Amino acid sequence: MPRPVLLVIAHGSRDPRHAATVHALVRRVRALRPGVRVETGFLDFNIPSVSGVLESLAAEGVRDVVALPLLLTRAFHAKSDIPAVLSEAPARLRIRQAEVLGPSPLLTAALERRLYEAGLSPADKSSTGVVLASAGSTDPEAIAVIAEIAREWRRTGWCAVRPAFASASLPRTGDAVRELRALGCARVAVAPYVLAPGFLPDRIARGAAEADVLADVLGASPEVARVLLQRYDAARAPALTAVGA
């Protein structure tokens with residue numbers, strides 16, 4: 001029986017760096033699992049669209065698809081936008097929507113990788129406060145998940161970890177940086193909990209102006225690619241209900 005096609009669903013952006021990063025991540029996923037066909041569709045701004053990819057797959061005779069939201073939290077896009085698009089897919093397709101990427105210990109490892117690439121070392125942890133800077137959401141569940149990630153990450157040895165948000169929620173990145181200074185952390189680092197460059201990550205970067213270290217976005221890191229494949233494998237389990245089946 002052929003493996004389901006993995007359809008990675010990205011938000012899309014007018015910023016060309018966004019699509020470039022998504023495609024780089026998908027290439028890494030393909031390299032890790034060459035036996036799986038991986039396609040990419042965008043909800044907005046970029047092509048191909050999710051609906052266009054689904055129609056093409058159906059026309060080819062594909063039957064099974066795992067639709068994987070390229071999202072870090074389960075908020076509006078995962079709960080509403082993506083199910084709505086999938087519900088309009090060709091009837092011949094059996095589609096399972098995978099869980100969003102976060103939270104995951106692999107993503108926390110990717111955050112640390114980016115901080116070390118930006119100049120920190122494990123020896124700096126106890127004297128460094130970290131701002132966990134996410135895009136932000138009006139969804140209480142998503143906000144609670146970010147706060148919990150910050151609490152868990154703090155337990156691994158950082159001086160302190162504070163969540164911050166680029167939109168919709170408070171505090172903003174700059175306010176969290178100043179809070180960590182006031183706590184007495186010797187240095188402050190900002191770790192963007194975002195997947196690709198764009199408008200909100202740029203806002204996070206501006207908010208990090210008073211920080212000592214600004215890490216890069218998670219991007220096409222190997223840890224993120226591994227999480228994608230974990231979510232794909234879980235969605236293939238027969239216990240999950242197929243969308244439209």
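Owing to the predicted nature of the structure, the values given are computational and were not obtained by experimental measurement.
- Screening Val224, Leu218, Thr73, Leu71 for a side-chain contact (heavy atoms from CB on, under 4.5 Å) with Leu101, the sole residue that qualifies is Val224.
- Asp44 meets the salt bridge (Lys or Arg N to Asp or Glu O under 4.0 Å) test with no other residue; sequence neighbours excluded.
- Annotation: the span from Ser221 atom OG to Leu106 atom CG amounts to 9.0 Å, rounded to 0.5 Å.
- The side-chain contact (heavy atoms from CB on, under 4.5 Å) test applied to Ala225 returns Leu25, Arg28, Val29, Leu32, not counting sequence neighbours.
- A salt bridge links Arg94 to Asp64: at least one charged side-chain nitrogen sits closer than 4.0 Å to a carboxylate oxygen.
- Atom-to-atom distance recorded for Gln97:CD and Ser87:OG is 10.5 Å, nearest 0.5 angstrom.
- Remark: Leu115 CG to Asp124 CG distance equals 10.0 Å, nearest 0.5 Å.
- For the ring-ring contact (aromatic ring centres under 6.0 Å, His included) condition, the pairs that include at least one residue of residues 137-162, sequence neighbours left out, are Trp153-Trp158.
- With His18 contributing its side chain and Gly198 its backbone, the two residues share no donor-acceptor pair below 3.5 Å.
- With sequence neighbours excluded, the residues that form a side-chain hydrogen bond (donor to acceptor under 3.5 Å, both in side chains) with Arg162 are Glu179.
- The side-chain contact (heavy atoms from CB on, under 4.5 Å) test with Val65 singles out one residue from Leu6, Leu86, Leu57, and that residue is Leu57.
- Evaluation of the ring-ring contact (aromatic ring centres under 6.0 Å, His included) test over residues 168-209, restricted to residues two or more places apart or in two chains, returns none.
- A 6.0 Å sphere centred on CZ of Arg92 holds more than 12 heavy atoms belonging to other residues, nucleotides or ligands.
- Other members of the cluster containing Ile47 do not exist, because no ILVMFWY side chain is joined to it at under 4.5 Å.
- Put simply, CD on Gln230 and OG on Ser104 are 5.5 Å apart, with the number rounded to the nearest 0.5 Å.
- Scanning for salt bridge (Lys or Arg N to Asp or Glu O under 4.0 Å) contacts around Glu152 gives Arg155, with sequence neighbours left out.
- A salt bridge links Arg37 with Glu60; the closest basic N to acidic carboxylate O contact falls under 4.0 Å.
- Taking a cutoff of 4.0 Å between a charged side-chain nitrogen and a carboxylate oxygen, Asp216 and Arg113 do not qualify as a salt bridge.
- Remark: Leu120 CG to Asp212 CG distance equals 8.5 Å, nearest 0.5 Å.
- Residue pairs meeting the side chain to side chain donor-acceptor pair (under 3.5 Å) criterion with at least one partner in residues 194-208, sequence neighbours excluded, are Arg17-Asp202.
- For the salt bridge (Lys or Arg N to Asp or Glu O under 4.0 Å) test, no residue two or more places apart in sequence or in another chain qualifies with Arg74.
- Here the straight-line distance linking atom CG of Asp139 with atom OG of Ser80 works out to 11.0 Å at 0.5 Å rounding.
- Listed by chain and number, the residues in a salt bridge (Lys or Arg N to Asp or Glu O under 4.0 Å) with Arg154 amount to none (sequence neighbours excluded).
- Not a single donor-acceptor pair under 3.5 Å links the side chain of Lys125 to the backbone N or O of Cys159.
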Review item, side-chain donor-acceptor pairs of residues 170-178, under 3.5 Å, at least two apart:
| from | atom 1 | to | atom 2 | distance (Å) |
| --- | --- | --- | --- | --- |
| Arg172 | NH1 | Phe165 | O | 3.4 |
| Arg172 | NH1 | Ser169 | O | 2.3 |
| Asp175 | OD1 | Arg178 | NH2 | 2.8 |
| Arg178 | NH1 | Glu210 | OE2 | 3.1 |

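- Formation of a donor-acceptor pair under 3.5 Å by the Asn46 side chain with backbone atoms of Ser13 is found in this model.
- Checked for salt-bridge contact, Arg114 and Glu117 meet the test: a charged N lies under 4.0 Å from a carboxylate O.
- Arg187 and Ser127 share a side-chain donor-acceptor pair at under 3.5 Å.
- The stretch residues 25-74 participates, sequence neighbours left out, in these ring-ring contact (aromatic ring centres under 6.0 Å, His included) pairs: His23-Phe42.
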